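What follows is one structure encoded as structure tokens, with my remarks underneath.
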Amino acid sequence: MYFKDKKKIFLATILILIVVGGIAFSIYHEMNREEDIPQDNTNSTQEKEYLTNIDLELYNNDKTIMWNLDSGKLVREDEGNIYNMDSPSFEAYENEEILYTGHGNNAIYNNSEETISLSGNIEIDKNKLLLQTERIIWNQKDDIITGEKGVKLTSPELIITSEEFTAPVSLNRIEFKGSENSRAKVEWR
């Protein structure tokens, strides 16, 4: 018989152990590789959760002025520290009377810095005044609104252009600022 020789039996046993070990190693390696591959890309690119049709109320420090901020979509970021909003519109009220309305392309509310910034073709309508700028920032710590990146105020009597403006949240007193390259100017109509 073929397996009568002890050397042949030993050699056959070693060969079988090598084959079984190789198969076991392959199965083990394949199982670990499947665990490392993200299923449906949920681990590598998680979709951000968002809310739709948002209506936020923000108040100045003495609670006399309220901003009602509407947005079609709100995305929570940075563990709830940042709220990013698309196509925001807002209305400012004092004692339930409307002060002004406005809209922009994007708004970011930073909870830790207590600021809200709106950007992208901002237009604020206050009675017969139209204030246009690329970006406004409401610093809620000192209740100051700042406009940046070009400002234009249009009224029936005049047009004011400047680089920036600062004003209280009521927008009852606006200070226009120019720069060395672009001065603030007034044009009478």
Side-chain angles (χ1 to χ4, degrees), residues 42 45-179 182 184 186 189:
T42 54
T45 57
Q46 291 181 343
E47 285 190 35
K48 294 180 182 178
E49 294 182 23
Y50 63 89
L51 301 172
T52 57
N53 300 324
I54 302 305
D55 185 13
L56 294 176
E57 290 183 358
L58 304 170
Y59 294 89
N60 66 341
N61 289 332
D62 61 6
K63 309 278 191 261
T64 57
I65 298 176
M66 177 193 74
W67 261 30
N68 186 0
L69 182 65
D70 295 325
S71 174
K73 180 180 176 181
L74 178 135
V75 178
R76 181 177 170 242
E77 300 172 357
D78 192 26
E79 298 178 5
N81 203 23
I82 306 280
Y83 295 94
N84 196 337
M85 294 164 260
D86 289 341
S87 303
S89 62
F90 57 92
E91 297 173 333
Y93 294 92
E94 185 173 32
N95 301 323
E96 297 186 20
E97 289 184 36
I98 194 158
L99 291 173
Y100 53 87
T101 62
H103 62 86
N105 295 340
N106 183 270
I108 297 174
Y109 181 69
N110 188 321
N111 199 20
S112 66
E113 293 182 8
E114 296 181 47
T115 61
I116 183 159
S117 62
L118 285 83
S119 60
N121 299 320
I122 305 297
E123 290 188 352
I124 300 173
D125 185 11
K126 183 175 181 174
N127 298 327
K128 294 183 179 182
L129 301 174
L130 179 64
L131 183 62
Q132 299 169 299
T133 186
E134 268 305 303
R135 183 173 182 214
I136 61 171
I137 301 168
W138 175 8
N139 184 338
Q140 292 180 302
K141 293 175 188 170
D142 58 11
D143 280 335
I144 299 293
I145 293 180
T146 306
E148 302 175 337
K149 299 185 179 179
V151 178
K152 182 178 180 181
L153 176 75
T154 306
S155 79
E157 294 86 26
L158 57 92
I159 297 173
I160 301 174
T161 55
S162 70
E163 285 294 309
E164 336 181 312
F165 78 86
T166 57
V169 178
S170 63
L171 292 181
N172 62 355
R173 188 183 68 252
I174 301 173
E175 181 179 319
F176 295 94
K177 299 177 183 178
S179 69
S182 177
V186 177
R189 294 183 139 195

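Remember, predicted model here, so these are calculated numbers, not experimental data. Hydrogens, waters and symmetry mates are skipped; everything else that's a heavy atom, side chains included, is used. FYI, the numbering just counts along the sequence from 1.
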Do M85 and N106 come close enough that some side-chain heavy atom pair is under 4.5 Å? no
Between S71 and D86, is there a donor-acceptor pair closer than 3.5 Å when you use the side chain of the first and the backbone of the second? yes
Side chains of E148 and T146, heavy atoms from C-beta outward: is any pair under 4.5 Å? yes
So, does S155 use its side chain to make a donor-acceptor pair with the main chain of L158 at under 3.5 Å? yes
Does the side chain of R135 come within less than 4.5 Å of I122's, by heavy atoms? no
Any side-chain to backbone donor/acceptor pair from N139 onto K141? Under 3.5 Å, distance only. yes
State whether the side chain of N110 and the backbone N or O of S112 hold a donor-acceptor pair below 3.5 Å, judged by distance alone. yes
Between K152 and I159, is there a side-chain heavy-atom distance shorter than 4.5 Å? yes
Parallel, tilted or perpendicular: which describes the rings of F90 and W67, with under 30° parallel and over 60° perpendicular? parallel
In the structure I gave you, are the side-chain heavy atoms of L171 and I124 within less than 4.5 Å of one another anywhere? yes
With respect to L131, which candidate in T154, L153, I160 satisfies the side chain to side chain contact (heavy atoms under 4.5 Å, CB included) definition? L153
With heavy-atom distances below 4.5 Å as the criterion, would you say the side chains of L118 and I137 are in contact? no
Would you say that W138 contacts D143 through its side chain, given a criterion of any heavy-atom pair below 4.5 Å between the two side chains? yes
Any residue meeting ring-ring contact (aromatic ring centres under 6.0 Å, His included) with Y109, in chain and number order, not counting sequence neighbours: none
Donor-acceptor under 3.5 Å (S162 side chain, F176 main chain): no
So, do I145 and T166 sit near enough that their side-chain heavy atoms are less than 4.5 Å apart? no
